[in-house]
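Because the structure is predicted, anything quoted here is derived from the model rather than measured. One-based numbering along the sequence shown.
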Amino acid sequence: MNAPASRSRARRPRWPPSRRAALVLAGLAAAIALLLALFDWNWFKAPLERAVGAATGRQFRIAGDLDVDLGRTITVSADRLSLANAPWSSHPHMGTARRMEVDVAPWPLLALRLHMKELRAIGPDMRLEANPDGPGGNWDFIGGDRAERTPRWRLDRLWIQDGRLRYSDAAARTGIDITLDSVEAGDGPAPVALAGKGRWRGAACRLPGSAAPPLDLADAATPYRIDLEARAGNTRASASGTLTHPFRFQVFDLQLALAGQDLEELYPLLGLALPPSPPYALDGRLRRDGQVWCYEGFKGRVGDSDLAGDVRIDARGERPLFTARLLSRRLDLDDLAGFLGAPPSAGEGETASPGQQARAARRAASPRLLPDTPYDLAKLNAMDADVRWRAQAIHAPRLPMLEAMDAHLRLEGGRLHLQPLDFAVAGGQVRADVRMDARRAPIATHARIAVRGVELPKLFPRAELAQGTAGRIAGNIELRGRGDSVAAILGGADGQVALGMGRGRISNLVMELAGLDVAEALKFMLTGDRQVPIRCAFADFGVEDGTMTARALALDSTDTLVVGEGTVDLERERLDLLLRPRPKDRSILALRSPLRVGGTFKDPSFRPDMAALGLRGAFALALGSITPPAALLATFETGPGEDSDCGGRYAR
């Protein structure tokens with residue numbers, strides 16, 4: 001039974017090993033050929049879509065073909081890609097692309113590592129949106145493992161063609177549309193040229209410039225280099241430096257040049273409640289670390305004034321805190337007009353924008369002098385501030401006696417405090433302490449002003465008759481008022497104004513003209529002026545509901561005694577003062593006519609009042625009140641000696 005089986009096995013042919021190997025290779029080749037004939041790389045689209053979706057928490061789709069070209073470098077390409085947006089967004093896609101191509105090195109794949117030599121994005125369209133209901137935006141992904149781990153992929157070069165990046169923040173009224181195109185830079189990473197336009201906080205803006213290769217965005221620890229210019233409304237900025245975590249915009253270090261027509265225009269753009277100003281241009285280092293911004297070592301000009309210093313903005317509290325330390329080597333006083341609600345001067349040689357020139361022209365045509373532009377209560381309550389500003393010299397052609405300034409402004413919760421507000425004036429000092437409560441309208445204001453040691457001849461350095469005069473002026477001013485502009489505050493103010501001068505000298509020609517002694521005045525004009533001693537001069541006004549009423553008003557010299565009375569209407573800006581001179585010498589031509597000071601602050605008038613010539617009784621009564629008030633005497637020295645008794649025998 002076993003013999004036939006043995007013979008059957010013996011009859012089977014035996015193929016040599018080489019032939020068997022050839023058959024295996026032929027079969028394998030046929031299988032590969034069949035596989036290549038039937039294989040479709042699109043089979044891998046679904047696994048790839050699931051992998052990206054798991055990593056981002058968003059749906060990822062490849063609507064076109066997925067293809068792979070094999071060789072020494074593997075090229076993977078895909079068409080019509082899309083990544084879903086955050087659920088709260090009204091736009092379905094955060095990003096799309098017409099085509100993506102990536103060159104992959106094959107050998108690292110054996111170690112399960114992905115080395116992408118180049119990624120080419122054609123027609124990418126990325127949309128970044130701030131979350132309207134909280135911090136962050138659609139760039140915060142919720143999928144994937146967030147634990148730090150060693151990256152298993154590498155990308156050497158990114159090339160963008162016809163790219164588009166859109167950023168929107170509805171709450172901030174911001175929307176910017178940027179086009180992106182890579183720029184050839186050899187074999188290394190390619191930087192991008194960009195051009196954007198849109199709206200920044202409601203203002204139309206443009207954004208040309210360049211940035212480092214977008215590939216650098218993948219490394220959050222590496223600062224991202226930018227070189228941009230931006231324009232929003234009349235404000236221009238040029239920034240060059242680095243950003244860390246660019247999408248979060250939390251840490252950066254930039255050299256920033258900032259210029260515009262008015263610092264007040266930064267309020268809608270940046271939320272900084274700065275006062276109106278003439279055109280400005282500043283350049284400094286801008287840094288941000290979280291909610292703290294610093295603009296350090298900046299220099300530039302505001303109007304016709306130089307300005308340098310450091311600014312810090314801390315946005316961590318309920319309101320931003322604006323801290324500044326500023327220095328001007330030469331401050332043009334006109335550039336401070338915005339603090340008072342007035343436009344800067346727009347005369348010849350002055351720096352002003354077209355709008356400010358128009359406002360200055362309207363103001364020049366107005367019969368009013370006091371600024372009546374209302375303060376913006378919302379801005380005064382929008383932020384806190386601590387600003388110290390020093391000016392080493394002041395340029396003020398209309399007030400050449402001003403020499404220097406030292407101001408410290410503090411604003412907290414709508415309450416403003418200016419203390420000190422010091423001016424070096426004519427060899428002396430004017431120190432003000434101003435408090436404003438803008439928590440509700442109208443603004444409540446309390447101002448204390450102390451005048452000390454102001455030299456009379458320096459007050460009028462260009463007045464010929466002031467040459468050779470001597471004397472120091474001192475006094476105190478205290479006013480309280482409610483109103484939303486300087487004019488309104490003073491128009492209803494209460495308080496007191498008291499200024500005086502002790503011993504000194506003044507031109508006798510001035511005194512004779514004050515007494516209208518024609519003969520003596522002509523003599524001094526023809527033969528030369530001389531100086532006469534002053535015993536004292538003072539003005540003491542009570543202020544009630546915007547009206548200043550003279551309580552004591554006098555000037556006493558060896559030649560003439562002048563006493564006065566009357567009112568100054570701060571609301572209507574009108575003067576009504578009567579000065580009664582009494583020459584102490586005898587002259588047949590002395591008219592001894594009272595002098596009426598009238599008109600408005602902007603257009604005062606000085607004229608003899610012949611109707612008051614016969615008011616001897618009223619004049620006699622005034623003679624008994626020429627002794628300076630006790631409070632005023634404490635501020636100036638009347639001087640020793642027999643001739644220093646203020647008022648002389650008239651006061652007795």
query: Taking it one step at a time, do His417 and Asp433 satisfy side chain to side chain donor-acceptor pair (under 3.5 Å)?
result: CA-CA 7 Å; His417 189 191; Asp433 184 341; 2.9 Å; yes

- request: To the nearest 0.5 Å, tell me how far Leu254 CG sits from Tyr295 OH.
  value: 10.5 Å

- prompt: Quick check: does any side chain N or O of Asp484 sit under 3.5 Å from a backbone N or O of Ile443, one acting as donor and the other as acceptor?
  reply: yes

message: Nearest 0.5 angstrom please: Leu579 CG to Glu565 CD, how far?
response: 9.5 Å

field: Any donor-acceptor pair under 3.5 Å from Ser277 side chain to Leu263 backbone
entry: yes

- prompt: Of all heavy-atom pairs between Ala488 and Gly483, which one has the smallest distance, and what is that distance?
  reply: CB-CA, 3.9 Å

field: Main-chain N/O of Gly453 paired with Gln429 side-chain donor or acceptor, under 3.5 Å
entry: no

Considering only distance and modelled atom types, tabulate donor-acceptor pairs under 3.5 Å from the side chains of residues 321-330, sequence neighbours left out.
from, atom 1, to, atom 2, distance (Å)
Arg325, NH1, Asp386, O, 3.2
Ser328, OG, Asp306, O, 2.7
Ser328, OG, Trp389, NE1, 3.1
Arg330, NH2, His395, ND1, 3.0

field: Arg236 and Glu229, any side-chain heavy atoms less than 4.5 Å apart
entry: no

message: For Asp332, is there any backbone N or O sitting under 3.5 Å from a side-chain donor or acceptor partner on Ser305?
response: yes

- prompt: Just by modelled atom types, is the Gly303 backbone N or O under 3.5 Å from a matching donor or acceptor in the Asp335 side chain?
  reply: no

- request: Quick one: list whatever passes salt bridge (Lys or Arg N to Asp or Glu O under 4.0 Å) with Arg285, sequence neighbours left out.
  value: Asp253, Glu296

Minimum heavy-atom distance Ile313-Pro320, with the two atoms named: CG2-CB, 4.4 Å

- request: Work out which heavy atom in Ala308 is nearest to a heavy atom in Lys299; give both atom names and the distance.
  value: CB-CG, 4.0 Å

query: Less than 4.5 Å apart, any side-chain heavy atom of Val543 and any of Asp494?
result: no

query: Going by an N to O cut-off under 4.0 Å, is there a salt bridge joining Arg410 and Asp384?
result: no

More than 12 heavy atoms of other groups within 6.0 Å of Gln392 CD: yes

field: Separation between CG of Asp406 and CZ of Arg390, rounded to the nearest 0.5 Å
entry: 4.5 Å

- line: To the nearest 0.5 Å, atom CG of Leu380 lies from atom CG of Leu416 at 7.0 Å

- request: Decide side chain to side chain contact (heavy atoms under 4.5 Å, CB included) for Thr373 and Ser485; before the verdict, give the C-alpha distance in whole Å, the side-chain angles of both, and the deciding distance to 0.1 Å.
  value: CA-CA 6 Å; Thr373 301; Ser485 68; 6.0 Å; no

query: What is the minimum heavy-atom distance between Ala432 and Ile449, and which atoms define it?
result: CB-CG1, 4.0 Å

field: Rounded distance [0.5 Å steps], CE in Met548 versus CG in Asp540
entry: 9.5 Å

query: Side chains of Asp603 and Pro367: does their closest heavy-atom pair fall under 4.5 Å?
result: no

query: Can you tell me if Arg472 uses its side chain to pair, donor with acceptor, with the backbone of Met501 under 3.5 Å?
result: no

- prompt: Atom CG in Leu286, atom SG in Cys294: separation rounded to 0.5 Å?
  reply: 8.5 Å

message: Between Thr445 (side chain only) and Met436 (backbone N and O only), is there a donor and an acceptor less than 3.5 Å apart?
response: no

field: Student check: side-chain heavy atoms of Thr567 and Phe541 closer than 4.5 Å
entry: no

- request: Check whether any side-chain heavy atom of Leu274 sits under 4.5 Å from a side-chain heavy atom of Tyr267, and report yes or no.
  value: no

message: Would the distance check show the side chain of Arg574 and the main-chain N or O of Asp569 forming a donor-acceptor pair, the cut-off being under 3.5 Å?
response: no

- request: Answer yes when Arg431 and Asp422 have at least one side-chain N-carboxylate O distance shorter than 4.0 Å, and no when they do not.
  value: yes

message: What I'd like to find out is whether the side chain of Leu402 reaches to under 4.5 Å of the side chain of Val430, using heavy atoms alone.
response: no

message: Using only atom types and a distance under 3.5 Å, with no angle test, would you say the side chain of Lys602 pairs donor to acceptor with the backbone of Glu573?
response: no

query: Between Phe298 and Leu307, is any pair of side-chain heavy atoms under 4.5 Å apart?
result: yes

message: Looking at Arg572, I'd like to know if its CZ atom is crowded, meaning that more than 12 non-hydrogen atoms belonging to other residues, nucleotides or ligands lie closer than 6.0 Å.
response: no

query: Does atom CZ of Arg319 have more than 12 heavy-atom neighbours from other groups under 6.0 Å away?
result: yes

query: Salt bridge between Asp376 and Lys379, side-chain N to carboxylate O under 4.0 Å?
result: no

message: Could you check whether any side-chain heavy atom of Leu207 comes within less than 4.5 Å of a side-chain heavy atom of Trp200, counting everything from C-beta outward?
response: no

Nearest non-hydrogen partners of Thr235 and Tyr280, listed with the distance: CG2-OH, 3.7 Å

field: N/O donor-acceptor pair under 3.5 Å between Gln255 side chain and Gly284 backbone
entry: yes

Nearest heavy-atom neighbours spanning Gly209 and Leu228: CA-CD2, 4.0 Å

field: Verdict with supporting geometry, Trp293 and Val311, side chain to side chain contact (heavy atoms under 4.5 Å, CB included)
entry: CA-CA 8 Å; Trp293 305 61; Val311 168; over 6 Å; no

